[in-house]
Amino acid sequence: MSKRILITGAAGFLGSHLCDRFIREGYDVIGMDNLITGDMKNIEHLMPLKNFDFYHHDVSKYIHIPGKLDYILHFASPASPIDYLKIPIPTLKVGSLGTHNCLGLALAKGARMLIASTSEVYGDPLVHPQNEDYWGNVNPVGPRGVYDEAKRFQEAMTMAYHTFHGVETRIVRIFNTYGPRMRLNDGRALPAFIGQALRGEDITVFGDGSQTRSFCFVDDLIEGIYRLLMSDYVHPVNIGNPDEISILDFAKEIIALTGTDQKIVLKPLPKDDPKQRKPDITRAKQILGWEPKISRSEGLKITYEYFKNLPKEDLYKYAHPREFNSSSKS
Ligand code: UDP
């Protein structure tokens with residue numbers, strides 16, 4: 001009998017790639033999403049499959065899944081600073097109440113659960129690169145606080161279910177990841193720059209562009225998550241690509257890649273924008289035998305191909321979550 005897995009946030013960027021991976025591995029996959037930031041087009045190719053089911057449901061509310069469940073991957077959450085500003089309370093709720101519901105379900109079903117945590121738990125880090133033993137430098141009441149603190153609470157709740165209830169849990173701390181199916185207008189640096197290049201607009205670099213990030217291609221990330229789920233390691237594991245670059249240099253790479261003749265314009269740096277970020281992946285190497293394989297130049301080519309081939313109207317879709325309206329408020 002096939003293993004059965006629930007993936008929350010299934011219609012999102014990472015959730016949809018995880019659905020693909022577990023379908024390929026022969027699992028029965030249940031995808032769940034409330035479609036606030038997710039998009040059905042990311043999983044429409046899976047809908048006809050008999051080993052894929054989709055539940056349109058908000059995980060912040062009680063989750064009912066009939067039958068057995070072997071694994072739960074909790075990936076539902078808005079994940080860009082623009083989203084946190086537009087939907088701060090659903091962001092807090094999905095990381096806290098949504099995690100609680102998933103953990104309760106894991107306990108009831110005897111399922112192993114992996115949560116998507118984030119490098120944002122390190123905040124604007126004072127340690128570089130960031131390893132898992134660093135506790136972070138987070139502003140709880142700043143614009144990113146709704147995401148960062150929900151994710152920190154999520155880790156605490158997950159460890160408590162492990163130690164108190166004996167639930168098998170795994171925690172991945174995901175660093176900046178990119179690839180096909182990112183929302184073109186979610187405000188993140190990569191889709192912002194590629195979208196601007198494709199629309200013939202100037203490339204907006206925030207601050208002086210000296211802040212750094214380390215971008216991981218989605219296929220590498222999915223492999224790391226898969227290995228962590230199958231491991232017996234319960235403490236947090238960083239998964240990311242340590243190849244660090246300044247945002248100004250990153251913008252120049254996108255200009256070279258797209259061949260745009262637009263110029264870079266500097267805009268004010270958003271509040272609490274981390275100055276530097278780079279994962280220390282020693283733990284992932286030791287425990288999972290994992291490290292990224294896809295270089296930024298390779299990954300960016302694949303990603304640009306995807307964005308270039310999107311329907312033209314997608315380039316102009318409004319920047320905040322499409323499904324968000326008064327009825328979906330908190
Ligand atoms: N950024 C930028 N221009 C944009 C969008 C983002 O310069 O149009 C910067 C942003 O201020 C941050 C970096 O790019 O320093 C990465 O931003 P992203 O939202 O992708 O990720 P995060 O800040 O959450 O790591």
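Ligands are counted one by one from 1 in listed order, and the atoms in each one are counted from 1 as well. Just the heavy atoms: all of them, side chains too, but no hydrogens, waters or symmetry mates, feed the values below.
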Is ligand 1 less than 4.0 angstrom away from at least one heavy atom of Ser119? no
Between Lys267 and ligand 1, find which residue part has any heavy-atom pair under 4.0 Å and reply side chain, backbone, both or neither. neither
Going by the order shown, which atoms of ligand 1 are within less than 4.0 Å of some heavy atom of Val205? 7 (O)
Which ligand 1 atoms does Ala192 reach within 4.0 Å, using its non-hydrogen atoms? 8 (O)
Shortest protein heavy-atom distance from atom 15 (O) of ligand 1, along with the residue and atom involved: Asp273 OD1, 2.7 Å
Which heavy atom of Arg4 sits nearest a heavy atom of Gly67, and at what distance? NH1-C, 3.7 Å
Separation between CG (Leu221) and CD1 (Ile225), nearest 0.5 Å, reads 4.0 Å
Tell me which protein heavy atom sits closest to atom 18 (P) of ligand 1, plus the residue, atom name and distance to 0.1 Å. Arg188 NH1, 3.4 Å
NZ of Lys68: more than 12 outside heavy atoms within 6.0 angstrom? yes
Option whose closest heavy atom lies nearest to atom 1 (N) of ligand 1, chosen from Phe250, Tyr178, Phe206: Phe206
Between Tyr27 and Phe22, how do the two ring planes meet: parallel, tilted or perpendicular, split at 30° and 60°? perpendicular
Element-labelled atoms of ligand 1 that are located less than 4.0 Å from some non-hydrogen atom of Glu120: 24 (O)
Phe13 and Tyr178: CA distance, side-chain angles, deciding distance, ring-ring contact (aromatic ring centres under 6.0 Å, His included) verdict: CA-CA 9 Å; Phe13 167 44; Tyr178 68 97; 8.5 Å; no
Which of the ligand 1 atoms, numbered from 1, are nearer than 4.0 Å to a heavy atom of Asn176: 21 (O), 22 (P), 25 (O)
Aromatic plane relationship, His100 with Tyr161 - under 30° parallel, 30 to 60° tilted, over 60° perpendicular: perpendicular
Please report which non-hydrogen protein atom sits nearest to atom 23 (O) of ligand 1, along with the residue it belongs to and the distance in Å to one decimal place. Arg144 NH2, 2.9 Å
Heavy-atom proximity to atom 13 (C) of ligand 1 ranks first, among Ile247, Thr212, Thr204, for Ile247
Is the closest side-chain donor-acceptor distance between Ser117 and Gln154 under 3.5 Å? no
For atom 22 (P) of ligand 1, what's the nearest protein heavy atom and its distance? Arg213 NE, 3.6 Å
Could you find the nearest protein heavy atom to atom 20 (O) of ligand 1 and give me its residue, atom name and distance? Ala189 N, 2.8 Å
Enclosure of Tyr62 OH (heavy-atom neighbours >12, cutoff 6.0 Å): no
Please report the closest heavy-atom contact between Pro143 and Asp272, naming both atoms and the distance. CD-OD2, 3.6 Å
